[in-house]
Amino acid sequence: MAPRSNASPPRLGKPLKRAFFGRSVHEVAPELIGATLLVDGVGGIIVEVEAYHHTDPAAHSYRGPTPRNQVMFGPPGFAYVYRSYGIHWCVNFVCEEEGSASAVLIRALEPTHGIAAMRRRRHLRDVHALCSGPGKLTEALGITIAHNALPLDRAPIALHARTEDLEVASGIRIGITKAVELPWRYGVRGSKFLSKPFPK
């Protein structure tokens, strides 16, 4: 996917409904690459995600429900927001049937909508660095714990299907200490907006 200019944002695909997420997390995760995530109209194209399954020791749900991860055990199509290392928020999309407790972490976006607002929130100008990591993108989009358990197909959140063919790469996940060998990170190969490039 080539970097876009400051021209008008690209056209949006069809809205993604909650039913989209009621499938295997391993089907949903790569299909989210190229989709557009907007929060109050600010956001961009998803270029990197990671899948977390309830059988995966790296998943927050692995040891069962807690007050923090309760939304993961509910129906699919809702946001799971948590604080990482006590510093920044991360946003996940709950997948699979109720009780499965599987989710997709959104790792990076290509900014396309509301870039001025993102720059104000992030206090920087480089468009490539605005959303190149899970904590960066939540700050840029204004996502906080207030968005936890919100439906993904209702305001203030909007998701739109991708509108172009992309080369989706996969590789091992980042910043975890368990199940590090699983190739459950997906992204746009060669994108300048990734948190970390995929091996060639």
Side-chain angles (χ1 to χ4, degrees), residues 14-109 121 131 133-161 173-179 182 184-187 195:
K14 67 179 182 179
L16 296 180
K17 300 300 183 181
R18 270 174 266 175
F20 173 86
F21 298 93
R23 301 174 292 145
S24 166
V25 71
H26 301 300
E27 294 178 21
V28 175
E31 288 185 24
L32 281 171
I33 300 302
T36 297
L37 166 63
L38 302 175
V39 179
D40 285 320
V42 176
I45 297 168
I46 298 172
V47 296
E48 183 184 353
V49 302
E50 288 178 346
Y52 288 87
H53 190 260
H54 68 275
T55 59
D56 163 21
H60 286 185
S61 55
Y62 183 68
R63 296 189 181 277
T66 66
R68 180 174 82 157
N69 69 19
Q70 189 63 47
V71 66
M72 291 184 73
F73 290 84
F78 287 81
Y80 166 46
V81 180
Y82 66 88
R83 181 84 80 173
S84 178
Y85 300 109
I87 301 171
H88 55 253
W89 301 109
C90 292
V91 63
N92 302 257
F93 297 164
V94 178
C95 299
E96 304 193 1
E97 68 277 4
E98 186 168 355
S100 171
S102 301
V104 177
L105 170 67
I106 310 305
R107 283 201 59 91
L109 303 179
R121 290 167 175 164
C131 298
K136 295 176 182 180
L137 73 87
T138 54
E139 184 177 37
L141 274 60
I143 295 173
T144 69
I145 194 62
H147 294 86
N148 187 52
L150 292 184
L152 298 174
D153 59 354
R154 189 180 307 165
I157 301 172
L159 281 160
H160 297 268
R173 295 173 296 184
I174 297 172
I176 58 174
T177 58
K178 299 175 181 178
L182 297 175
W184 291 357
R185 181 170 74 108
Y186 303 92
S195 66

With rounding to the nearest 0.5 Å, note down the distance linking NE2 in His26 to CG in Leu182.
8.0 Å
Asn148 side-chain N/O to Ile145 backbone N/O, donor-acceptor pair under 3.5 Å:
no
His60 meets the ring pair (Phe, Tyr, Trp, His ring centres under 6.0 Å) criterion, sequence neighbours left out, with Tyr80, Tyr82
Just checking, is any N or O donor in the side chain of Thr55 or His53 under 3.5 Å from an acceptor N or O on the other one?
yes
Salt bridge (Lys or Arg N to Asp or Glu O under 4.0 Å) partners for Arg23, two or more places apart
Glu27, Glu31
Specify the closest pair of heavy atoms between Ile143 and Val81, including all atoms of both residues, with the distance to one decimal.
CG2-CG2, 4.1 Å
Test log, rule side-chain contact (heavy atoms from CB on, under 4.5 Å), inputs Met72 and Ser102
CA-CA 6 Å; Met72 291 184 73; Ser102 301; 5.9 Å; no
Quick note, salt bridge (charged side-chain N to carboxylate O under 4.0 Å, His left out) partners involving residues 36-52, not counting sequence neighbours, are Glu48-Arg107, Glu48-Arg185, Glu50-Arg107
I'd like to know if the side chain of Asp153 and the backbone of Leu159 have a donor-acceptor N/O pair within less than 3.5 Å.
no
Contacts of Tyr62 that satisfy ring pair (Phe, Tyr, Trp, His ring centres under 6.0 Å) - sequence neighbours left out
none
Distance from Arg18 atom CZ to Cys95 atom SG, nearest 0.5 Å?
14.0 Å
Quick check against the 3.5 Å criterion: does Ser84 have a side-chain atom that pairs as donor or acceptor with the backbone of Cys90?
no
List the atom of Cys131, the atom of Leu137, and the distance in Å for their closest heavy-atom pair.
CB-CB, 3.8 Å
Please list, chain by chain and in numerical order, all residues satisfying salt bridge (Lys or Arg N to Asp or Glu O under 4.0 Å) with Arg173, sequence neighbours excluded.
Asp56
Please find the pair of heavy atoms, one from Ile33 and one from Gly187, that lie closest to each other, and give the distance.
CD1-CA, 3.8 Å
Would you check, one step at a time, whether the test side-chain contact (heavy atoms from CB on, under 4.5 Å) holds for Leu32 with Leu37?
CA-CA 9 Å; Leu32 281 171; Leu37 166 63; over 6 Å; no
Distance col, row Gln70:CD vs Ser61:OG, nearest 0.5 angstrom, shows 11.0 Å
Rounded to the nearest 0.5 Å, what separates atom OG1 in Thr36 from atom CG in Leu16?
9.0 Å
What residues, two or more places apart in sequence or in another chain, satisfy ring pair (Phe, Tyr, Trp, His ring centres under 6.0 Å) together with Phe93?
Phe21
Does Val91 form a side-chain contact (heavy atoms from CB on, under 4.5 Å) with His147? I'd like the steps, not just the answer.
CA-CA 9 Å; Val91 63; His147 294 86; over 6 Å; no
Between the CG atom in Leu152 and the CZ atom in Phe78, the distance rounded to the nearest 0.5 Å is 8.0 Å
